[in-house]
Structure formats: structure tokens, C-alpha cells
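Counting begins at 1 with the first residue of the sequence. Because the structure is predicted, anything quoted here is derived from the model rather than measured.
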Amino acid sequence: MKKVYYLKTCDTCRRILKELDLSSEFELQDIKSEAISVTQLDEMKALAGSYEALFSKRSQLYKKMNLKNQELTEKDFKNYILEHYTFLKRPVIIIDDTICIGNSKTTIEKAKATLG
């Protein structure tokens, strides 16, 4: 599977997609216009190891809802990601059995290395 979950309105996501110059075999899913399904999230979790790894603690809603001061479980992370797209760390790039989550320099380098 070759897929990218991203936000079309996010400058960082757009910059990363341009930098990676992905082939046409990649499926792009704008998570704002096409919500993530439970199945898709479960597939991402299987590759990532946990829902927390997919969860963005930089989200404005995370701060607004004061989630930092709560003990969140895996179930909580999953529900928040399904509830609102901003809780997914972006972009999520899946290249076969490899998942690259977020926009850190090391993550983008990993994606580039996996692409060959």
C-alpha cells in the first residue's frame, strides 16, 4: 500500500509532498474532506504500534481541551483522532510496511530512504 494522509490546507504537508515528489501510485487522502475510517486508523496503528504514536499533542484542540493534564488511554487517543482530524499527527506516509508519522526532519529522511 502506498498512501498519504495529509491536510490540503497545511503548508508543511504541501511542502513535504513536494519535497518527496511521490509517484502517481500513491493515494493521497485529505483528512479534512475525507474523514479517516476506523479501519484506516486501525491499519495505521498496526504499523505504528500505538494510537498515541499517531496522536498530535501539538493540536490546538489538545491545548484548548486541556488534555495535557489528563491521563489518556489508547482508547482515548483512538477516539480523539476519529472525532477530529486535527488530532492526527500529519502527514502519515505509508509505503508498503513502513509508516512515517509527522513532519520531523528524521521522519522525512526515513520516508526518502524508504522511497529509494
Side-chain angles (χ1 to χ4, degrees):
M1 172 173 33
K2 294 183 183 333
K3 185 151 186 165
V4 179
Y5 297 93
Y6 77 114
L7 198 52
K8 189 166 58 177
T9 55
C10 170
D11 290 339
T12 303
C13 286
R14 288 199 308 257
R15 177 185 54 79
I16 289 168
L17 289 176
K18 186 177 181 185
E19 191 178 323
L20 292 176
D21 191 27
L22 301 173
S23 69
S24 59
E25 58 188 2
F26 274 85
E27 181 186 342
L28 302 180
Q29 181 173 333
D30 177 17
I31 59 174
K32 187 174 183 178
S33 61
E34 186 184 341
I36 301 161
S37 71
V38 174
T39 306
Q40 289 172 325
L41 186 57
D42 288 343
E43 287 170 353
M44 286 187 260
K45 187 244 182 193
L47 292 171
S50 70
Y51 293 112
E52 185 175 6
L54 297 160
F55 188 84
S56 173
K57 293 182 178 170
R58 290 178 159 183
S59 162
Q60 289 186 0
L61 269 181
Y62 180 75
K63 294 173 180 90
K64 192 188 253 181
M65 295 170 71
N66 201 23
L67 297 177
K68 179 174 71 173
N69 298 319
Q70 297 177 31
E71 282 208 27
L72 300 176
T73 64
E74 277 292 288
K75 186 178 176 188
D76 293 328
F77 290 123
K78 178 180 181 179
N79 290 336
Y80 280 123
I81 292 170
L82 290 171
E83 187 179 300
H84 204 278
Y85 67 88
T86 61
F87 286 119
L88 182 70
K89 200 181 279 186
R90 309 176 295 274
V92 175
I93 304 164
I94 299 173
I95 309 163
D96 302 319
D97 293 334
T98 303
I99 189 166
C100 302
I101 306 161
N103 57 26
S104 73
K105 190 173 179 152
T106 52
T107 300
I108 304 313
E109 292 304 319
K110 177 183 170 186
K112 285 180 180 175
T114 306
L115 288 167

* **Minimum heavy-atom distance Ile16-Pro91, with the two atoms named** =>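 Minimum heavy-atom separation between Ile16 and Pro91: CD1-CD, 3.9 Å.
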Can you tell me how far [atom2] of [Y] sits from [atom1] of [X], rounded to the nearest 0.5 angstrom?
X	Y	atom1	atom2	answer
Lys78	Ile36	NZ	CD1	12.0 Å
Glu109	Ser104	CD	OG	9.5 Å
Thr98	Ile93	OG1	CD1	11.5 Å
Leu17	Leu28	CG	CG	6.0 Å
Lys32	Leu88	NZ	CG	14.5 Å
Asp96	Thr114	CG	OG1	9.5 Å

* Asked: Given side chains that start at C-beta, do those of Met65 and Gln70 come closer than 4.5 Å, heavy atoms only?
  -> no
* To do: Answer whether the closest heavy-atom distance between the side chains of Phe77 and Leu54 falls below 4.5 Å.
  => no
Check for a donor-acceptor pair, side chain of [X] on one end and backbone N or O of [Y] on the other, with a separation under 3.5 Å.
X	Y	value
Lys110	Ile99	yes
Lys63	Arg58	yes
Glu74	Tyr51	yes
Thr107	Asn103	no

Honestly curious: do [X] and [Y] fall in one hydrophobic cluster under the side-chain, below-4.5 Å linking rule?
X	Y	result
Ile108	Tyr5	no
Leu67	Tyr85	yes
Ile101	Tyr6	no
Ile31	Leu22	no
Leu20	Met1	no

* Sole residue of Lys45, Gln29, Glu34 in side-chain hydrogen bond (donor to acceptor under 3.5 Å, both in side chains) with Gln40 ->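 Exactly one option meets the side-chain hydrogen bond (donor to acceptor under 3.5 Å, both in side chains) with Gln40, and it is Gln29.
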* Residue pair Ile95, Lys2: steps toward the side-chain contact (heavy atoms from CB on, under 4.5 Å) verdict -> CA-CA 5 Å; Ile95 309 163; Lys2 294 183 183 333; 4.1 Å; yes
* Asked: Between the side chains of Thr73 and Asp76, is a donor N or O closer than 3.5 angstrom to an acceptor N or O?
  -> yes
* To do: Return yes when atom NZ of Lys8 has more than 12 non-hydrogen atoms of other residues, nucleotides or ligands closer than 6.0 Å, and no otherwise.
  => no
* Asked: Are any of the side-chain nitrogens in Arg14 or Asp11 under 4.0 Å away from the carboxylate oxygens of its partner?
  ->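 Yes, Arg14 and Asp11 are salt-bridged.
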* To do: Given side-chain contact (heavy atoms from CB on, under 4.5 Å), test Val4 with Ile94 step by step and report yes or no.
  => CA-CA 6 Å; Val4 179; Ile94 299 173; over 6 Å; no
* Counterpart residues, ring-ring contact (aromatic ring centres under 6.0 Å, His included), relative to Phe87 (two or more places apart) ->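 Per chain and number, Phe87 pairs via ring-ring contact (aromatic ring centres under 6.0 Å, His included) with Phe55, Tyr80.
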* Check step by step if side-chain contact (heavy atoms from CB on, under 4.5 Å) holds for Leu115 and Asp21. => CA-CA 10 Å; Leu115 288 167; Asp21 191 27; over 6 Å; no
